Peer 1: 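Can you read through this structure? Questions will come right after.
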Amino acid sequence: MEIKTFENIDRIYIDQSAVESSVAQRVYALFPVDKIEVVSQKPLSQLEGRMSSEDFNKSKRNLYITEYKGEFFKRCPGAKPGLTCCNYFVLNLGLQCNMNCSYCYLQSYINTPVMTIYSNLEKALSELKSIANENPEKYFRVGTGETVDSLSLDEITLYSRRLIEFFKDLPKWKLEFKTKSSKVDQFLDVPHAHNVICSWSVNPQNVIDSEEHNTASLEQRLTAAEKCLSKGFTIAFHVDPMIWHPDWKLNYSNLVQSITKKFSPQDLIYITVGALRFQPEQRHIMRERFSSQNMVNTAEMFQSKDGKMRYDQNLRTEMFEYIQSEFKKRNSSYRVSLCMEVPETWSMTMASSPSQIPELKDLFVGGR
Amino acid sequence: MNLTPISHCTKNLSFSPLHTPHPSVIGYAWRGFQISHFECEPKLLLEVQGPLEEILPIVYRKLSLPEFARLFDALRRHHLTFDPEKILHAYHLKWSQDLSNIFDLLINQSPEFQNWCSEKDLGLMELKPLLLALHLRDLSNWTSQICKLNPNRHLGSKIIEFVFMNPSHEVWVILENSKTAEIAYQQLHQMRYPISSQHDLKMVDFVKAFPWPAHVKANWQREGDRSGIRLEFFTLNSEDYVKKISQLSDLQHKLQSTWKKNNGN
């Protein structure tokens, strides 16, 4: 069941520097004052770098609002040697997530005992403005769902509204929200330049039940996508991570059926497909935090050339081909591509690299 | 630093360090405790002063995780206040709740298992799967069974991982009935990776049965997330090379159809 944002936060720490921010003001309006504490230093820092799985669980219930000191604008981790990935830039507006997916890469990445929201969105926007001014001929795709779900905490921050407004002045740029939540009502009324992609990671409901805890159901995600579509937002789906299980073909076929029943190829700018993957060291915390007999922990994973644990390449290819064929047999115009995959899988599955596929070319070319 | 007779040491901080120092090397005393040479009963000890985190690295250049577990246990039994973080830091280790839990767990395992962990120098990551087994009342039986197989570090850490992910009756039977660590590992691997193992075994048979030309050595191999056939042949010169490649090419259609059939894709 999807998490109730306001009920599942035990404590909110607001850094002194962030007290005047819009997000802090909103927190004061939304939460009982006894839950809120103004701090001058990062809270619970004694746990930093030495967190147990129990501490990681708790970190999802402690919200910390602070300024981000570094550069907001980062390149997508998929875009590195050895991986074939969409040309995409990442705007991190927080760190940690209030949902709880068993395979979440943040488990190998986060070692802070709090869920952080950066309060200085305006600094991020000013960085983006500078990039736009310096590169007037280029278009950029900017995604916010890398280190925090784009929308699951948006009822608190309302950052979606500000971002949509900001991107209205950059009509050739694209803003992408990537989420597993159904929380979209807070921005549906905001005027936009038809350059906002609302995308959902989707999985069959049995996979959601087993592995994607505290996220919206498949039906809720698809309904949220329909709402966005009705307001002129662009829609995309990420069938990612595909998780093998005994009835995977039937369940993924039903997933494709659910999507294609509601969305025509024209409704969807793209569909990306990826398979389960994680850093080898992540397996320990996944087993400690979730059932060691769940789909992810019992998955037959091998170390890939890029160091990540992945399914056998033949199985991945079979899974990707299957999803692709399920979409294409319903309508050959659906645009399906791979995400975070090694070039061999691209060539085995798609017959060519993404930039050579006409319908995907636009997504993979940074500036035109 | 002074020499002090052992009779002045009223207490003994023995934590059964794995390596017994040579009797000719001087032993150490600290705050009335004998802190080394527990087995040797030396007449005189060198009395050292200062905080424990500075003294210990002088006396013990390296300590394994079970040794730390026993040391901390001994310090607690003697009601000595100490900072485990500082001691671990002196050995370039970082304290964490997980490490602390591993110490608590190790202290309750058999001396044989503790010594095996020390000898193989197992670290936190290798022992972490034990934390999944905290609920097992007979955990020490499981760990004893593992060290009876005396696996090397690599196999041992894999066995620990496979066993404690799912400590079922079937897993216990494998541990109990395996004559060697290698056999135990292979069977546990097949249990952990049933589909890939079955597929790989099938493909090994397929490659063995395939009518390769006499000059070709063919093996089914897994390399990480990829598995396939490794072909090897020796060639004398370019003519020989062309001839042998041509013999292989003649098999292309047969290989294509049978491989597909066996591979299931």
Side-chain angles (χ1 to χ4, degrees), chain A residues 46-56 58 111 113 244-246 248 275-277 279-294 296-322 341-342 344-345 348-349, chain B residues 84-85 88-89 93-102 104 123-136 157-158 160-168 171 189-200 203 220-229 259-260 262-265:
Chain A
Q46 73 278 8
L47 288 172
E48 214 149 290
R50 58 190 62 181
M51 280 167 61
S52 64
S53 52
E54 190 53 35
D55 296 326
F56 190 92
K58 284 185 199 156
N111 221 324
W244 186 94
H245 55 282
W248 71 273
L276 179 65
R277 58 203 173 270
Q279 294 294 342
E281 62 275 14
Q282 192 180 317
R283 68 194 193 282
H284 297 297
I285 193 166
M286 292 194 307
R287 286 175 198 153
E288 285 164 35
R289 297 188 62 237
F290 301 95
S291 161
S292 59
Q293 296 306 303
N294 70 7
V296 167
N297 284 323
T298 53
E300 297 190 25
M301 308 295 275
F302 302 92
Q303 196 152 20
S304 178
K305 273 201 285 191
D306 66 352
K308 282 186 188 167
M309 303 302 286
R310 295 176 187 272
Y311 291 121
D312 181 276
Q313 186 152 28
N314 283 327
L315 177 61
R316 297 204 312 270
T317 304
E318 186 188 347
M319 291 166 90
F320 298 150
E321 280 175 351
Y322 183 74
E341 260 304 332
V342 293
E344 286 90 333
T345 319
M348 284 166 80
T349 311
Chain B
E85 249 184 279
L88 289 169
H89 182 74
L93 288 171
K94 199 170 180 179
W95 185 91
S96 67
Q97 191 55 53
D98 284 340
L99 189 54
S100 176
N101 293 343
I102 286 289
D104 293 345
L124 175 62
M125 279 300 157
E126 284 122 346
L127 291 171
K128 242 185 148 187
L130 288 170
L131 295 177
L132 296 173
L134 289 170
H135 63 285
L136 285 181
S157 58
K158 288 278 179 201
I160 287 175
E161 184 166 352
F162 290 161
V163 166
F164 293 111
M165 230 191 111
N166 180 25
S168 61
V171 170
H189 185 273
Q190 279 176 26
M191 188 179 257
R192 172 67 187 83
Y193 290 82
I195 299 167
S196 332
S197 297
Q198 211 176 1
H199 180 253
D200 283 347
M203 294 310 287
W220 181 259
Q221 277 194 6
R222 171 162 292 285
E223 290 179 358
D225 65 337
R226 301 181 310 162
S227 54
I229 303 171
W259 192 340
K260 217 168 196 171
N262 279 277
N263 212 14
N265 61 58

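A note on names: the letters A, B, ... follow the listed sequences, proteins ahead of strands, and every chain is numbered from 1. Just so it is clear, the model here is predicted, and its values are computed rather than measured.
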Peer 1: Report yes if some heavy atom in the side chain of D225(B) is under 4.5 Å from a heavy atom in the side chain of R316(A); otherwise report no.
Peer 2: yes
Peer 1: What pairs with L99(B) under side chain to side chain contact (heavy atoms under 4.5 Å, CB included), at least two apart in sequence or on another chain?
Peer 2: L65(B), L88(B), S96(B), F103(B), L124(B)
Peer 1: For a quick test of reading the model, state the closest non-hydrogen atom pair linking G224(B) to F302(A) and the distance between them.
Peer 2: O-CB, 3.2 Å
Peer 1: Could you state the interatomic distance from CZ (R310(A)) to CZ (R226(B)), rounded to the nearest 0.5 Å?
Peer 2: 12.5 Å
Peer 1: Considering only heavy atoms from C-beta outward, does the side chain of D98(B) approach that of H284(A) to under 4.5 Å?
Peer 2: no
Peer 1: Measure Q293(A) against the heavy atoms of chain B and call it side chain, backbone, both or neither at under 4.5 Å.
Peer 2: side chain
Peer 1: Between R222(B) and chain A, which part of the residue has a heavy atom less than 4.5 Å away: side chain, backbone, both or neither?
Peer 2: side chain
Peer 1: Donor-acceptor check, side chain of E300(A) to backbone of I195(B), threshold 3.5 angstrom: yes or no?
Peer 2: yes
Peer 1: Please give me the minimum heavy-atom distance between L132(B) and R287(A), naming the atom from each residue.
Peer 2: CD2-O, 3.4 Å
Peer 1: Mind ranking E223(B), E161(B), M125(B) by heavy-atom pairs under 4.5 Å with chain A and telling me who comes out on top?
Peer 2: E161(B)
Peer 1: Could you give the distance from CG (N314(A)) to OG (S227(B)), rounded to the nearest 0.5 Å?
Peer 2: 5.5 Å
Peer 1: Kindly check if the number of other-residue, nucleotide or ligand heavy atoms within 6.0 Å of CD (Q221(B)) is above 12?
Peer 2: yes
Peer 1: When rounded to the nearest 0.5 angstrom, what is the spacing between OG in S52(A) and CG in L131(B)?
Peer 2: 9.5 Å
